[in-house]
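Hydrogens, waters and symmetry mates are skipped; everything else that's a heavy atom, side chains included, is used. Keep in mind that this is a model prediction, so the values were computed, not measured.
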Amino acid sequence: MSAPCSIPVPLLNRDIWSLRNAGDQSAGGKPLGVLDGIPFAIKDNFSTKNIETTCASQMLKGYIPPYNATVVQRLLDQGAVLMGKTNLDEFAMGSGSTDSIFGPVKNPWSYSKQFREKRKACCPDSNESSDWVITGGSSGGSAASVSAGTCYVALGSDTGGSTRNPACHCGIVGLKPTYGLVSRHGLIPLVNSMDVPGILARCVDDAATVLGVIAGHDPQDATTIQDHILPFTLPDVIDLSKLCVGIPKEYHAPGLSSEILSIWTKAADMMEKAGAKVVEVSMPHTRYSIVCYHVLCTAEVASNMARFDGLEYGHRADIKDSTEAMYSATRRGGFNDVVRGRILSGNFFLLKQNYEKYFLKAQKVRRLIADDFVNAFKSGVDILLTPTTLGDAAPYLDFIQEDNRTRSAQEDVFTQCANMAGVPAITVPAGLSSRGLPLGLQFIGQAFCEQQLLSVAKWFEKQTNFCPLVLHKTHDNGHIDKRQSKSAFSL
């Protein structure tokens with residue numbers, strides 16, 4: 001897959017207590033928990049007490065929540081240190097992290113030794129200031145922060161692939177847990193029936209550690225599982241001899257790059273040689289999933305965005321002619337074109353004359369898509385192996401040539417089905433493209449079987465031995481600074 005190099009060292013294998021002076025937050029110098037002293041970042045659509053939470057939108061600029069999201073509080077309770085909030089597409093509507101009031105997110109791999117050397121070889125006159133690639137989205141800020149080593153782990157949200165997509169493009173691990181395993185309380189909603197807090201980390205073990213902290217029932221979220229969740233550690237030796245891996249034939253989608261197809265095939269062959277049974281499965285309703293997702297997503301967006309009216313919090317237009325005029329001016333000035341477009345589409349699908357034709361029919365198709373997963377797992381398949389994206393990260397100037405709707409359909413083609421079915425999925429780095437950019441593969445598991453899913457992902461991570469980001473920066477004096485972005489938990 002890729003050249004041999006060191007695998008990131010997981011959190012639990014390191015003495016991390018020295019990262020914090022005894023007594024700063026630890027009672028009596030004792031660690032608060034398994035994450036004591038670990039810096040983390042949070043996507044800016046999670047509520048953080050006394051810290052501005054904007055969703056990268058003018059609508060919420062200046063909004064300061066009075067409470068922490070449950071996942072944020074659970075991390076803090078275990079001693080983790082919040083480093084900051086991360087950028088995203090406005091209200092998490094996008095797949096490139098390019099539509100934000102703070103500007104687009106740049107992929108750290110744009111400045112990597114691997115990418116720059118290959119780029120210079122093929123395009124010697126390229127402009128480094130404008131020739132950079134996207135992170136993917138909408139959790140691009142969180143993915144970039146982990147990839148560059150500015151924090152150790154980060155949380156994002158995943159509605160149709162918004163954690164896995166940027167994780168894949170930034171060469172890190174991105175986990176979307178089962179719907180209901182992790183609380184959504186304090187996550188500003190996009191699509192209530194699909195939103196899941198996601199985890200971005202440098203290795204699978206770290207994702208498992210964080211999941212053990214944030215998973216479990218929350219009285220503030222009625223959709224969370226009622227059972228008590230016990231943290232687990234992943235075995236170092238993983239036997240695939242009793243594993244059945246499914247390859248969905250419908251995931252050979254138009255536009256799939258030859259490089260992704262190659263690593264997908266190699267991964268299946270590798271697992272088969274390790275003793276796993278690899279079979280082709282059919283998920284016949286996959287081809288309808290993007291259209292179905294668009295209808296359901298925009299319908300829930302229209303409902304969720306109705307709360308932003310300028311009365312109780314956030315942006316309010318200085319219009320005093322009438323309440324209706326103030327509403328209109330507030331929403332026109334507070335939302336960007338992408339958000340307004342999705343609200344318009346959603347309200348169209350929810351009109352009385354359109355409800356059964358679009359929304360109700362999409363709900364029925366969603367059930368068929370979920371049944372595809374049920375049938376695949378009932379047939380004896382334990383794990384599904386698929387691509388995460390069609391190819392590597394697109395150059396920013398190329399990405400913005402297409403509208404948000406088109407790009408989202410392209411980028412989410414392999415990821416949104418797991419959200420509609422509510423099953424867990426994880427993307428793991430698998431190698432570098434011919435341009436020197438990360439490529440990843442996705443594993444999809446059965447609902448609430450995260451331990452099995454993460455164990456398989458860890459096995460694959462060990463086999464690929466993915467090389468970490470090596471920054472390549474030229475200073476004003478001409479000196480080249482090559483910095484390796486080390487393991488999240490290496491000291």
Side-chain angles (χ1 to χ4, degrees), residues 40-48 53-57 69 71-72 75 82-109 133-148 150-177 179 182 184 186-191 194-202 206-207 210-211 214 297 338 388-389 393-394 399 404 407-408 411-412 414-416 418-419 424-429 438 440 442 488:
F40 73 102
I42 294 289
K43 187 177 180 178
D44 198 24
N45 58 348
F46 287 90
S47 295
T48 44
T53 300
T54 68
C55 286
S57 174
V71 289
V72 175
L75 290 173
L82 177 59
M83 300 297 289
K85 308 292 288 288
T86 60
N87 202 0
L88 65 152
D89 289 297
E90 183 165 332
F91 281 101
M93 299 185 202
S95 58
S97 299
T98 57
D99 295 312
S100 163
I101 59 169
F102 303 112
V105 183
K106 296 182 179 181
N107 193 326
W109 282 82
V133 298
I134 62 164
T135 57
S138 62
S139 306
S142 291
S145 64
V146 174
S147 178
T150 57
C151 71
Y152 289 177
V153 293
L155 293 188
S157 59
D158 196 311
T159 306
S162 290
T163 293
R164 290 159 288 156
N165 177 283
C168 178
H169 285 323
C170 291
I172 60 174
V173 172
L175 171 66
K176 182 204 88 71
Y179 184 86
V182 179
R184 294 182 294 111
L187 169 60
I188 296 172
L190 176 64
V191 181
M194 300 184 205
D195 291 344
V196 179
I199 300 168
L200 298 109
R202 294 298 303 278
D206 292 346
V210 174
L211 180 64
I214 65 175
C297 175
V338 173
T388 308
T389 58
F399 186 84
N404 180 285
R407 276 300 187 182
S408 294
E411 294 290 332
D412 295 343
F414 299 125
T415 53
Q416 37 73 39
N419 293 83
I426 186 171
T427 183
V428 181
Q442 176 179 229

Please answer whether the main-chain N or O of G136 pairs with a side-chain N or O of S95 as donor and acceptor at a distance below 3.5 Å.
no
When you measure from the side chain of S139 to the backbone of G156, do you find a donor-acceptor pair of N or O atoms at a distance under 3.5 Å?
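Judged by distance alone, no pair lies under 3.5 Å.
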Apply the test side-chain contact (heavy atoms from CB on, under 4.5 Å) to residues N165 and T389: give CA-CA distance (whole Å), side-chain angles for both, the deciding distance (0.1 Å), then the verdict.
CA-CA 7 Å; N165 177 283; T389 58; 3.7 Å; yes
Identify the heavy atoms of [X] and [Y] that sit nearest to each other, and give their distance.
X	Y	value
L75	I42	CD1-CD1, 4.5 Å
S97	G137	OG-CA, 3.5 Å
I172	S147	CG2-CA, 3.9 Å
A418	A425	CB-CB, 4.2 Å
L190	F91	CD1-O, 3.5 Å
A167	T427	CB-CG2, 3.7 Å

Polar contact flag, side-chain donor to acceptor under 3.5 angstrom, [X]-[Y]:
X	Y	answer
N87	S100	yes
K43	S157	yes
T150	S145	no

In Å and rounded to the nearest 0.5 Å, what is the [atom1] to [atom2] distance from [X] to [Y]?
X	Y	atom1	atom2	result
C170	R202	SG	CZ	10.5 Å
I101	S57	CD1	OG	6.5 Å
K85	F46	NZ	CZ	9.5 Å
L88	M93	CG	CE	10.5 Å
E90	D44	CD	CG	11.5 Å
S408	D99	OG	CG	8.5 Å

Sub-4.5 Å side-chain heavy-atom contact between [X] and [Y]:
X	Y	result
I199	T163	no
V338	D89	no
F40	V210	no

Looking at T159, V196, V182, which hits side-chain contact (heavy atoms from CB on, under 4.5 Å) with K176?
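Checked T159, V196, V182 against K176; only one passes side-chain contact (heavy atoms from CB on, under 4.5 Å): V196.
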Take L155 and I214 through the side-chain contact (heavy atoms from CB on, under 4.5 Å) test and state the conclusion after the steps.
CA-CA 10 Å; L155 293 188; I214 65 175; 4.3 Å; yes
Sequence neighbours left out, what pairs pass salt bridge (Lys or Arg N to Asp or Glu O under 4.0 Å) with at least one residue falling in residues 150-172?
D158-R164
Where do I134 and T98 land on the side-chain contact (heavy atoms from CB on, under 4.5 Å) test, with the steps shown first?
CA-CA 8 Å; I134 62 164; T98 57; 4.1 Å; yes
Given the rule in the side chain to side chain donor-acceptor pair (under 3.5 Å) test, do T48 and T53 qualify, once you have shown the distances and angles that lead to the verdict?
CA-CA 7 Å; T48 44; T53 300; 3.2 Å; yes
Decide side-chain contact (heavy atoms from CB on, under 4.5 Å) for T415 and T388; before the verdict, give the C-alpha distance in whole Å, the side-chain angles of both, and the deciding distance to 0.1 Å.
CA-CA 7 Å; T415 53; T388 308; 4.2 Å; yes
